[in-house]
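These numbers come from a predicted model, not from an experiment.
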Amino acid sequence: MGLRSVLCALLVVAAGVLPPEEFAVRIKSDPSLVAPGFGAEGVVLGERTSSLLRDRGRPDRVAAPESARHLFGAIFGHDTGPRIRFDRIFHYAYGRFSVFLLGDEVVAVVGYDRARVTTDAVNMAAGVESFIFNYGNSGLQRLARRSSTMYVYPYLGIAVADDGNDDSIDLVLVFPAVIARPARPLPR
């Protein structure tokens, strides 16, 4: 392979990488795009409540528990999973999504529509098996409860749930990616 071919390939790859500001604009303008660890449903993680209300309007319902809760325990009933704290939930019935807030900041987004695609070109309508095939088993946590299973990728910042275990994705959860701790060096 010639040097010219390698340089052209590098330029094409570098041109496809967006800075975070442009990526946020793309997420906000396309509600069908799911960006693991970054945002979904036109909502960007870390976004302020004022921006959310300006862009997505008033929620149809607001839930505010008396104290901060952990998302996977309080909502999904699992003791394991990433520790995501929230103190309010905005539910948008028309858009079929919910936003979890801690103080004035978006900490997680849940979408209930299957007509979504990830930034990695994974079609949510293709089902759970296709999703796992595309993202792999590395770091995957499987949380089962009764006839429902949640597949969590804490290091990517995305989870999908399959109610009824029928290979359909019934909800997509986007949250901040957990940063992997470096492995301790082994003694010599």
Side-chain angles (χ1 to χ4, degrees), residues 27 31-47 52 59-103 105-120 122-181:
I27 296 298
S32 69
L33 191 60
V34 176
F38 200 80
E41 303 295 332
V43 179
V44 176
L45 298 178
E47 182 175 352
L52 176 66
D60 298 306
R61 286 180 291 189
V62 176
E66 56 278 352
S67 63
R69 303 273 174 97
H70 289 283
L71 180 63
F72 281 88
I75 303 299
F76 300 114
H78 297 288
D79 295 332
T80 58
R83 304 296 281 178
I84 303 164
R85 294 183 47 204
F86 72 95
D87 59 10
R88 280 184 301 162
I89 306 168
F90 285 3
H91 178 70
Y92 292 85
Y94 178 73
R96 295 179 38 96
F97 69 96
S98 297
V99 177
F100 292 82
L101 300 131
L102 182 61
E105 186 175 322
V106 174
V107 294
V109 181
V110 174
Y112 308 104
D113 195 340
R114 292 184 189 125
R116 301 291 183 253
V117 65
T118 69
T119 52
D120 302 311
V122 178
N123 183 358
M124 296 295 170
V128 173
E129 286 183 20
S130 173
F131 186 84
I132 293 171
F133 177 79
N134 282 286
Y135 279 105
N137 291 327
S138 180
L140 173 64
Q141 294 178 358
R142 183 181 174 272
L143 309 177
R145 186 169 179 230
R146 295 187 200 114
S147 64
S148 300
T149 307
M150 181 169 273
Y151 301 90
V152 183
Y153 289 89
Y155 303 116
L156 297 176
I158 192 167
V160 295
D162 180 4
D163 290 335
N165 293 324
D166 57 358
D167 191 39
S168 66
I169 294 177
D170 298 300
L171 73 81
V172 177
L173 169 66
V174 175
F175 54 90
V178 176
I179 298 170
R181 285 190 237 153

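- Between M124 and D113 the shortest side-chain heavy-atom distance does not fall below 4.5 Å.
- Side-chain contact check for H91 versus P59: every heavy-atom pair is 4.5 Å or farther apart.
- Residues V109 and L45 meet the side-chain proximity criterion, which asks for heavy atoms closer than 4.5 Å.
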Could you go step by step and tell me if N165 and S147 meet the side chain to side chain donor-acceptor pair (under 3.5 Å) rule? CA-CA 6 Å; N165 293 324; S147 64; 5.8 Å; no
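- The closest side-chain donor-acceptor pair between D120 and Y135 falls under 3.5 angstrom.
- A heavy-atom distance below 4.5 Å is found between the side chains of F100 and V110.
- Under the side-chain hydrogen bond (donor to acceptor under 3.5 Å, both in side chains) test applied with S148, the options D163, D162, D170 reduce to a single match, D163.
- Note on R116 versus E41: salt bridge recorded, some NZ/NE/NH1/NH2 to OD/OE distance being below 4.0 Å.
- Side-chain contact between L52 and Y92 is present, with at least one heavy-atom pair separated by less than 4.5 Å.
- Within the 4.5 Å cutoff, no side-chain heavy atoms of F86 are placed close to those of V99.
- A 6.0 Å sphere centred on CZ of R85 holds no more than 12 heavy atoms belonging to other residues, nucleotides or ligands.
- With a 4.5 Å cut-off on side-chain heavy atoms, T118 and N134 do not count as touching.
- Looking at heavy atoms from C-beta onward, F175 lies out of side-chain contact with V107 at the 4.5 angstrom threshold.
- A side chain to side chain contact (heavy atoms under 4.5 Å, CB included) with I158 is found for one member of V152, V122, V34 and no other, namely V34.
- In this structure a side-chain-to-backbone donor-acceptor pair under 3.5 Å is missing from R61 to F90.
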